Amino acid sequence: MFKKFQPSTDISGQTAVKSSIQRSIRAAILSQWKVDSDTFESIWPKKENITLVKCRDHISIYALHGEPLFFQHFDGPFYPTLRLLHKYPFLLPVVRVDRGAIRFLLAGAHMMCPGFTSKGGWLPPPEDALSAEAPVAIQAEGKEHAIAIGITKLSTEDIKNVNKGVGVEVITHLGDDLWALQKV
Amino acid sequence: MATSTEQEAAAGPQPKPPIQVLYCEVCTFPPEFCEFGSSLTKCKEWLKEEHPDLYDRYYSEEALQSKMGTMSLEQQTKLEQDAAKKEAKAEAKADAKMKKKLASQVQIKRIQRQKNKYVTAIHGLEAFDIDLKKAAKLFAQTFATGSSVTKNLQGQDEIVVQGDVSDEVFDMIRDEKGVLKGVPEANVELVEEKKKK
């Protein structure tokens, strides 16, 4: 999504968000992310007003004091930015890819199933299985921090069973243009 | 990296404190990912200088051994080759950019609008990483005239300042006033454009 993203041409405007809408965003995020309200309060204090940065292709980035916090595509789920996820790694459920996949991931490729099912990869056990279309943090074998944020295209059980083709679509990864956008 | 204890104490048990993540100043990645970036050698130097403990953790012999992990030797060598190639490519790119920067010209053009009314168009500042909007604002303030960023006939951005201020603009660029930094004097030229009869 942010493979080619030029702030000068792709951002169409910045606006303040109405407080009623801010409230609904806050509620939506609290229900979507694995975060308690106190921790979220330190990410986004109640008193602070957030700015909506509208971008091409219906991407909305929400920024606090010019620092992008999370973004959304159409009315889809909210994704934290990678920098926010590094600070609070528990926000999203985690999947892990093996070392061989890192190179492709950093070039912006979607993650194929075998990367998760091989020895270096990791998927949640059957009792915590994720359904399809769930935002996930993608970590890499032997690394501490998340490397990308993606959305599952198959449920994690299906990834194990099918073991072929795209398992997780990458939304934003380390070194893409959203990563480069530190201030808006 | 790890959260410091005092932070946890200050924040209390309830809200979980953020993890302070160290980012490489060369490639902006967390240092563990430098090896996949395009400036590994520079990143290594930086880390060795700033955080020798981390350098040992990521680049010591054992670390390299364990990193092999599930990959075969073949994959590993391929990865290394790719990394070297990528690095060389990035360097060449940076070089080319630098050369282009040195070769690019800043044009200060005096354009006649009426018999004794002129505007000054400044073109090519963006090649020196100058924010055109900010520069236009600076001109507007110093000369107390209108100044804006517009597209010229070729579709390139330029700054148009009302009034004949070409010499003053030249002086400002030479003296590196405000945001007008990093333009060598030799790369600035003054041009005059007469109104066609």
Side-chain angles (χ1 to χ4, degrees), chain A residues 7-9 33-45 67 69 80-91 96-107 114-115 117-122 139-148 173-182, chain B residues 1-3 7-8 10-40 43 54 57-58 62-76 78-83 85-86 90 126 131-133 149 157:
Chain A
S8 55
T9 55
W33 295 358
K34 290 196 289 184
V35 63
D36 54 89
S37 52
D38 286 316
T39 312
F40 192 60
E41 173 75 25
S42 62
I43 300 175
W44 176 16
E67 192 185 331
L69 280 189
T81 56
L82 208 51
R83 279 197 173 78
L84 184 70
L85 187 73
H86 281 164
K87 284 186 198 155
Y88 300 94
F90 47 81
L91 293 178
R96 196 170 70 213
V97 292
D98 60 18
R99 203 178 144 76
I102 299 178
R103 193 156 60 95
F104 301 104
L105 213 173
L106 288 181
T117 50
S118 72
K119 208 175 139 207
W122 185 85
Q139 296 203 323
E141 178 190 358
K143 305 288 180 193
E144 191 180 346
H145 299 292
I147 182 173
H173 62 87
L174 209 57
D176 68 358
D177 288 338
L178 181 67
W179 176 261
L181 183 78
Q182 296 191 16
Chain B
M1 299 280 115
T3 40
Q7 249 185 344
E8 260 165 332
Q14 257 305 315
K16 289 182 195 153
I19 296 173
Q20 295 300 324
V21 186
L22 176 81
Y23 294 118
C24 171
E25 275 171 24
V26 180
C27 62
T28 73
F29 290 2
E32 53 183 3
F33 288 109
C34 281
E35 53 177 327
F36 293 98
S38 53
S39 53
L40 178 59
C43 295
L54 285 175
R57 196 164 126 209
Y58 293 134
E62 306 126 66
L64 289 178
Q65 277 294 321
S66 64
K67 261 201 317 202
M68 300 283 286
T70 55
M71 283 213 294
S72 65
L73 202 65
E74 225 171 280
Q75 276 176 311
Q76 188 71 24
K78 184 154 186 284
L79 196 73
E80 263 161 37
Q81 275 173 358
D82 274 1
K85 219 193 220 164
K86 217 167 149 190
E126 72 276 5
D131 190 338
L132 290 187
K133 263 191 184 164
V149 182
D157 279 334

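Quick caveat, the model's predicted, so the values are computed rather than measured. Each chain gets a letter, A, B and so on, in the order its sequence line appears, and its residues count up from 1.
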Note: V21(B) and K87(A) closest approach over all heavy atoms is CG2-N, 4.3 Å
When every non-hydrogen atom of Y88(A) is compared with those of P17(B), the smallest separation belongs to CE2-C, 4.2 Å
Honestly, the part of F40(A) sitting under 4.5 Å from a heavy atom of chain B is neither
Turns out that what part of L106(A) lies under 4.5 Å from chain B's heavy atoms comes down to side chain
Heavy-atom nearest pair, A146(A) first then F33(B), reads O-CE1, 4.3 Å
Do the rings of H86(A) and Y23(B) sit parallel, tilted or perpendicular, given the 30° and 60° boundaries? tilted
When the 4.5 angstrom heavy-atom criterion is applied to A107(A) and chain B, the contacting part is neither
Here the gap from F36(B) atom CZ to L105(A) atom CG, rounded to the nearest 0.5 Å, amounts to 10.0 Å
Backbone of E32(B) reached by a side-chain donor or acceptor of K143(A) within 3.5 Å | yes
